[in-house]
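In what follows, every heavy atom counts, from backbone to side chain, and hydrogens, waters and symmetry copies are set aside.
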Amino acid sequence: MCPARVLAGAPLALVIFALSGCSSHWGCTDTTAERGEAGVRVQVEDTSGRPLGVTAEVVDWRLEPHPQVPSDGDQVHFHYRFDGANEVSGPAVDACAVDKEHVALGCQTVYSAEAFGPGGDLTGDAWLAVEHPEQVAGVVLIPNDQSYDGRTCEEDIKDGGGLHPPAPAGVGDQL
């Protein structure tokens, strides 16, 4: 093939390659939302910080042995409520047992879809295993909706990217 023909077809090949979605990271960016302020009662917010119209609340908590593993000693047993959530596809928030300085001792995500109740007032309970239960001063919720985390640019250059919820809270996080 002569060099002139190769050069003439090069721009067309580049256009096809770019439109196929196989290009580099052009136009794909990932952004992580800021972690919202933890509290006993929070307004659940999307990745842009906008309220979803759902309130999540820790109703009560206590230290007691888990009935299935009482030999593990005391764990944090808490009840929570979602007001205004959809029973099927509602939000999820991180729940954390904290010490008196609001340092997380143990966390897990609680889902409104796992709670139950009439008319959008969904209640549930969960257990948090913590290394030092005697240090627990309370249970708080983080308002960021954790129910959906889209694909990243690295996972899907064509359809990934955008806003993502903050990383789930963990032991040692200052809340």
Filter on salt bridge (charged side-chain N to carboxylate O under 4.0 Å, His left out), then keep only pairs touching [range], sequence neighbours left out; what's left?
{"range": "residues 128-140", "result": "none"}
{"range": "residues 93-110", "result": "none"}
{"range": "residues 165-175", "result": "R35-D173"}

Contacts of type salt bridge (charged side-chain N to carboxylate O under 4.0 Å, His left out), residue D46, not counting sequence neighbours: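 Only R50 meet the salt bridge (charged side-chain N to carboxylate O under 4.0 Å, His left out) criterion with D46.
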Salt bridge (charged side-chain N to carboxylate O under 4.0 Å, His left out) involving R81 - partner list, sequence neighbours excluded: E57, D83, D121
Any residue meeting side chain to side chain donor-acceptor pair (under 3.5 Å) with [X], in chain and number order, not counting sequence neighbours:
{"X": "D74", "result": "none"}
{"X": "D60", "result": "H79"}
{"X": "Q108", "result": "none"}
{"X": "Q135", "result": "none"}

Tell me whether [X] shares a hydrophobic cluster with [Y], the cluster being built from Ile, Leu, Val, Met, Phe, Trp, Tyr side chains joined at under 4.5 Å.
{"X": "L105", "Y": "L63", "result": "yes"}
{"X": "F78", "Y": "Y111", "result": "no"}
{"X": "V40", "Y": "V93", "result": "yes"}

Which atom of [X] lies closest to which atom of [Y], heavy atoms considered:
{"X": "R41", "Y": "T55", "result": "CZ-CG2, 3.6 Å"}
{"X": "C96", "Y": "A169", "result": "SG-CB, 3.6 Å"}
{"X": "G36", "Y": "N144", "result": "N-OD1, 2.7 Å"}
{"X": "A115", "Y": "G124", "result": "CB-N, 4.0 Å"}
{"X": "Y80", "Y": "D125", "result": "CE2-N, 3.6 Å"}
{"X": "A104", "Y": "G170", "result": "CB-O, 3.3 Å"}

Parallel, tilted or perpendicular: ring planes of W127 versus H66, cut at 30 and 60 degrees: tilted
Hydrogens and angles aside, do Q146 and T109 bring a side-chain donor and acceptor to less than 3.5 Å of each other?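 Looking only at side-chain atoms, T109 and Q146 do not form any donor-acceptor pair under 3.5 Å.
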Please lay out, stage by stage, how L128 and W61 fare under the test side chain to side chain contact (heavy atoms under 4.5 Å, CB included). CA-CA 10 Å; L128 292 168; W61 69 273; over 6 Å; no
Quick check: do V59 and T123 have side-chain heavy atoms less than 4.5 Å from each other?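 The answer is no; the side chains never approach within 4.5 Å.
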Under 4.5 Å between side-chain heavy atoms, chaining through other members, with only Ile, Leu, Val, Met, Phe, Trp and Tyr counted: pull out the rest of the cluster around V98, sorted by chain and number.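 Grouped by the 4.5 Å side-chain rule, V140, I142, L175 form the rest of the cluster around V98.
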When Ile, Leu, Val, Met, Phe, Trp and Tyr are grouped by side-chain heavy atoms lying under 4.5 Å apart, directly or through other members, which residues fall in the same group as V69?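 Hydrophobic cluster check, V69: no partners found.
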D145 side chain to E45 backbone, donor-acceptor under 3.5 Å: no
Ring pair (Phe, Tyr, Trp, His ring centres under 6.0 Å) involving H132 - partner list, sequence neighbours excluded: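 Partners of H132 under the ring pair (Phe, Tyr, Trp, His ring centres under 6.0 Å) test: none.
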Verify the neighbour count for atom CD of Q68: are there more than 12 heavy atoms of other residues, nucleotides or ligands below 6.0 Å? no
